[in-house]
Protein chains: 2
Amino acid sequence: MSHPQYKHQHQYLAVDCVIFGYENGQLKLLSAKRKFEPAMDQWSLMGGWVRMDETVEQAAIRVLFQITGLRDIYLEQVQVFSQPQRDPGGRVVSIVFYAMIPTDQHDKSLVHEHEAVWFNLPDKPKLIFDHDQMVEFAHEKLKQKASYELIGADLLPEKFTILQLRLLYEAVFQREFDPGNFRKKVLSLKVLERLNDKNTNESKKGAYYFRFITKTEALIKERIVKI
Amino acid sequence: MSHPQYKHQHQYLAVDCVIFGYENGQLKLLSAKRKFEPAMDQWSLMGGWVRMDETVEQAAIRVLFQITGLRDIYLEQVQVFSQPQRDPGGRVVSIVFYAMIPTDQHDKSLVHEHEAVWFNLPDKPKLIFDHDQMVEFAHEKLKQKASYELIGADLLPEKFTILQLRLLYEAVFQREFDPGNFRKKVLSLKVLERLNDKNTNESKKGAYYFRFITKTEALIKERIVKI
DNA sequence: ACAAAAGTGTTTCGGCTACACCCATGC
DNA sequence: GCATGGGTGTAGCCGAAACACTTTTGT
């Protein structure tokens with residue numbers, strides 16, 4: 001390795017991924033038993049080293065693919081953690097991402113192979129080092145995102161009812177939302193499309209399924225209105 | 001240097017600081033002529049290497065002290081920039097911060113010594129590498145902050161008029177605010193204290209000076225109301 | 001019949017916006 | 001007197017919140 005221009009100390013650079021999922025009315029966190037020292041066999045976030053020829057986002061995508069078998073995962077930078085002593089194994093600067101994955105689509109055998117487990121977020125065990133704080137920060141950032149745009153496209157199945165969407169929001173914010181108001185609010189955003197298909201499992205009356213419309217579809221609809 | 005636990009490639013890790021100031025109704029950006037190759041003598045953000053024994057925040061604080069002579073500067077992480085080819089001198093991952101400094105208090109001789117210049121943000125020159133994008137991201141983040149809490153404590157002098165505060169907001173958002181509504185809004189936040197002192201330079205009638213009350217003072221006031 | 005969710009309608013309240021309007025004073 | 005910013009008041013609009021009410025259907 002040669003960097004003719006720069007002479008300075010090098011650093012270990014890692015990414016850690018806070019992986020959120022959703023199932024049965026619960027916001028979930030994917031956590032794995034660490035397979036190497038230090039802190040082997042303790043619960044931790046999924047992480048990996050950043051290679052010289054990739055961005056930190058690409059490193060996170062690699063890590064996510066390794067454990068879920070999924071590509072095209074929603075990713076967002078959270079924070080850099082860089083306390084010199086944060087990792088007893090040496091100086092490691094970690095860039096934290098959070099991800100949202102559709103729990104029903106991921107590869108469960110890969111998760112099992114990594115000795116990883118989906119925890120309900122409130123019931124997660126203590127994680128190593130500063131990983132608990134990473135989860136806190138990521139959860140904050142997720143709430144912030146969810147408060148100014150509709151999340152769920154990456155966490156819910158392709159089609160879902162307004163009830164399921166509301167339960168997701170209640171899980172994310174750990175509070176209840178008025179069913180009527182929540183419904184009116186999300187439908188006013190014009191990002192959901194009602195399907196000619198009803199869910200009759202969760203209610204007697206049956207509730208229409210909805211799906212997220214893509215951004216281009218939404219744009220087209222907007223244009224038609226505006227002409 | 002020894003890291004017995006980890007065997008992996010190392011990275012160059014840097015911080016770059018988007019330094020905002022404010023003067024004469026203009027949001028300012030501090031930019032310096034780069035003193036080393038590559039891209040010597042071109043405009044760039046102030047940056048520095050992250051040392052092994054410090055956090056990235058501490059590295060940013062060092063950089064800020066070097067150029068302003070100030071400590072206790074408001075700092076916020078913006079984004080990590082990590083395109084492998086972003087810096088022609090080699091693989092450098094950069095963590096971007098933005099800072100707000102009181103333009104009237106900083107050490108102008110240090111700025112001069114670094115061949116740095118305060119530009120009005122809209123008139124800034126093209127910066128090296130991806131630094132223009134860093135400034136954009138930082139400005140976005142600043143706007144976001146300013147939209148959910150009152151900024152100015154770090155940019156304005158100790159005492160200031162509502163007009164001056166409004167002009168700061170107009171500079172940050174590049175739009176006008178209704179004077180009456182702006183006044184009522186900021187005063188309703190209960191974070192400003194009116195002084196028995198008027199500014200008679202900027203208006204015939206004279207306008208009261210205000211100052212930010214500290215967080216603890218604000219807390220106490222809240223408590224008194226709530227009892 | 002009743003419970004339980006679906007879906008709609010209504011009322012109230014608070015905050016934001018767009019103003020109008022008086023005040024003080026330097027020119 | 002008039003222009004300029006300081007400062008206050010008010011009417012209208014809109015969205016959020018609270019909640020009533022009707023619909024549908026499995027049990």
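Residue numbering restarts at 1 for every chain, and letters A, B, ... go by the order of the sequence lines.
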Rounded to the Å, how far apart are B/Glu202 CD and C/dG26 P? 15 Å
Any side-chain donor near an acceptor of the partner, A/Gln77 and A/Glu57, under 3.5 Å: yes
Which atoms form the tightest heavy-atom contact between B/Ile101 and B/Leu155, and what is the distance? O-CD2, 3.7 Å
Which of these passes side-chain hydrogen bond (donor to acceptor under 3.5 Å, both in side chains) with A/Lys28: A/Thr103, A/Asn120, A/Asp123? A/Asn120
Which ones in residues 155-165 of chain A lie close to DNA chain C, meaning a heavy atom under 4.0 Å from one of its atoms? A/Leu163
Establish whether the base of D/dT4 is bridged to the side chain of B/Lys204 by a donor-acceptor pair shorter than 3.5 Å. no
Using whole Å, report how far OH of B/Tyr148 lies from C1' of C/dG15. 21 Å
Looking only at side chains, do A/Ser94 and A/Asp16 share a donor and an acceptor under 3.5 Å apart? yes
For B/Asn199 and B/Ala207, indicate whether the former's side chain and the latter's backbone hold a donor-acceptor pair under 3.5 Å. no
Between P of C/dG15 and CG of B/Leu189, the distance in whole Å: 11 Å
For DNA chain C, which residues of residues 167-187 of chain B approach it to below 4.0 angstrom with any heavy atom? B/Asp178, B/Asn181, B/Lys184, B/Lys185
A/Arg34 and A/Asp41 ion-paired at < 4.0 Å: no
Does the C/dA6 base have a donor-acceptor partner in the side chain of A/Lys205 within less than 3.5 Å? yes
Any side-chain donor paired with an acceptor under 3.5 Å for B/Tyr74 and B/Lys145? yes
Rounded interatomic separation in angstrom, taking CG from B/Asn201 and P from C/dG26: 12 Å
Quick one: B/Asn199 CG to C/dG26 P, roughly how many Å, whole number? 13 Å
Taking the nucleotide of DNA chain D with the closest heavy atom to each, which residue, A/Gly206 or A/Ser188, is nearer the 5' end? A/Ser188
Please, which pairs that meet salt bridge (charged side-chain N to carboxylate O under 4.0 Å, His left out) have at least one residue in residues 169-186 of chain A, sequence neighbours excluded? A/Arg166-A/Glu170
Start with the C-alpha gap between A/Leu192 and A/Ile213, add the side-chain angles, then the distance that decides, and say whether side-chain contact (heavy atoms from CB on, under 4.5 Å) holds. CA-CA 6 Å; A/Leu192 298 182; A/Ile213 58 181; over 6 Å; no
Please state how far atom OH in A/Tyr208 lies from atom C1' in C/dG7, giving the value in whole angstrom units. 11 Å
